[in-house]
Amino acid sequence: MVDFSLWDIVRNLLLALRWTVALSLIAFAGGGIVGLVLLIARLSKLPGAARCVALYVQVFQGTPLLMQLFLTYFGLSMLGVNTSALVAASVCLTLYASAYLTEIWRGCVLSIPRGQWEAAASLAMNFGEQLRHIVLPQAARIAIGPTVGFLIQIIKGTALASVIGFVEITKAGQMIANATYEPFLVYGCVGLMYFALCFPLSVWSRNLERKLSPRR
């Protein structure tokens, strides 16, 4: 047993928290970029694109994130790619996030009335102009709530990266709890830090949705 003061525990958890934040940002930004590309591909008239994107989404939504992390980490090694736990977790969470964001955003785009597309087409806009000027600005307002909600899921999902050796806040909490034999105190601090990250995001999302929603 190692003697840790409360400050020692909090300080070490805060040091690990930066990796949770970094991994969450990488996964969300990367997933957003890939997800937007997949969304445009699915909405386009390219032959076979919609089916390929739908299959991609089903694969990531139909398998556990834990298994995806193992497959990415060990799969890259088997392919001869010497990678770290951070890189493997970033790649896996980016792909995972892109699949969900594609589907979330597709639902938001489909919620725009068909007449909006037809009105844009009557103005001789092509597919890209219809998306950029008419559909996406309206869909973006609808997407704020579910997108921020999914960001919170990503933050909590980074805890699974500990199984491939990535030391984020949950893994750090496990190591400190094993050394101090004070799991209730340590995991209590871990839970409070997750809450401190996620709760402001929820409040911000609600406020932003309220501001952007049309007044009736």
Side-chain angles (χ1 to χ4, degrees), residues 21-65 68 72 89-158 160 194-195 197-216:
V21 173
L23 183 56
S24 302
L25 291 176
I26 292 171
F28 185 69
I33 294 168
V34 178
L36 186 59
V37 172
L38 292 175
L39 172 67
I40 293 172
R42 185 159 190 178
L43 294 174
S44 69
K45 307 294 183 187
L46 291 174
R51 286 187 179 181
C52 290
V53 175
L55 178 63
Y56 175 89
V57 170
Q58 289 303 320
V59 167
F60 281 95
Q61 288 189 344
T63 54
L65 177 57
Q68 295 168 21
T72 306
S90 298
V91 171
C92 178
L93 284 171
T94 294
L95 298 176
Y96 172 81
S98 69
Y100 276 87
L101 288 174
T102 300
E103 204 59 8
I104 289 170
W105 293 343
R106 189 176 75 92
C108 295
V109 167
L110 292 181
S111 71
I112 304 300
R114 190 67 197 164
Q116 299 280 333
W117 290 91
E118 294 168 354
S122 70
L123 296 173
M125 290 184 177
N126 59 33
F127 174 73
E129 290 170 334
Q130 292 172 24
L131 273 180
R132 191 166 64 252
H133 298 299
I134 305 295
V135 176
L136 288 185
Q138 299 180 73
R141 292 183 181 181
I142 304 169
I144 289 172
T147 302
V148 176
F150 184 68
L151 171 60
I152 293 171
Q153 294 302 316
I154 291 177
I155 293 172
K156 292 186 285 188
T158 56
L160 291 175
Y194 274 115
F195 181 78
L197 270 182
C198 297
F199 181 68
L201 283 173
S202 300
V203 174
W204 174 73
S205 167
R206 281 199 296 271
N207 289 337
L208 196 58
E209 273 188 295
R210 198 175 302 121
K211 284 180 184 175
L212 293 177
S213 61
R215 294 183 180 178
R216 297 178 180 174

Run the side-chain contact (heavy atoms from CB on, under 4.5 Å) test against Cys198 and tell me which residues pass, sequence neighbours left out.
Ile152, Ile155, Lys156
Least distance between heavy atoms, Ser205 atom then Gly145 atom:
OG-CA, 3.7 Å
Measuring from Leu93:CG to Ile154:CD1, what's the distance to the nearest 0.5 Å?
7.5 Å
Partners passing side chain to side chain donor-acceptor pair (under 3.5 Å) against Gln58 (at least two apart in sequence or in another chain):
none
So which atom in Ala49 and which in Ala41 form the shortest heavy-atom distance, rounded to 0.1 Å?
CB-O, 3.4 Å
Mind listing the closest non-hydrogen atom pair of Ser111 and Cys108 along with its distance?
OG-O, 2.5 Å
Mind checking side-chain contact (heavy atoms from CB on, under 4.5 Å) for Ala89 and listing every partner two or more places apart, or none if nothing turns up?
Leu23, Leu69, Ala161, Ile164
Give, for atom CZ of Phe195 and atom OG of Ser202, the distance between the pair rounded to the nearest 0.5 Å.
8.5 Å
Less than 3.5 Å apart, which donor and acceptor atoms pair up between the side chains of residues 122-131 and the rest of the protein, not counting sequence neighbours?
unit_1, atom_1, unit_2, atom_2, d
Ser122, OG, Ala119, O, 2.5
Asn126, OD1, Gly128, N, 3.2
Asn126, OD1, Glu129, N, 2.8
Glu129, OE1, Asn126, N, 3.0
Gln130, NE2, Met125, O, 3.0

Got a sec, which pairs hit salt bridge (charged side-chain N to carboxylate O under 4.0 Å, His left out) with one end in residues 114-124, sequence neighbours left out?
none
Backbone N/O of Ser90 and side chain of Thr94: donor-acceptor pair under 3.5 Å
yes
For Thr63, enumerate each residue passing the side chain to side chain donor-acceptor pair (under 3.5 Å) test, keeping only those at least two apart in sequence or located in another chain.
Gln68
What residue pairs, at least two apart or across chains, pass side chain to side chain donor-acceptor pair (under 3.5 Å) with a residue in residues 95-110?
Arg42-Glu103, Tyr56-Ser98, Glu103-Arg106, Trp105-Thr147
Show me the pairs that pass ring pair (Phe, Tyr, Trp, His ring centres under 6.0 Å) and involve residues 22-41, at least two apart or across chains.
none
Sequence neighbours excluded, which residues qualify as side-chain contact (heavy atoms from CB on, under 4.5 Å) partners of Gln138?
Ile112, Gln116, Ile134
Distance-only donor-acceptor hits, side chain of residues 32-40, under 3.5 Å, sequence neighbours excluded:
none

Leu197 side chain near Val21 side chain, heavy-atom distance below 4.5 Å:
yes
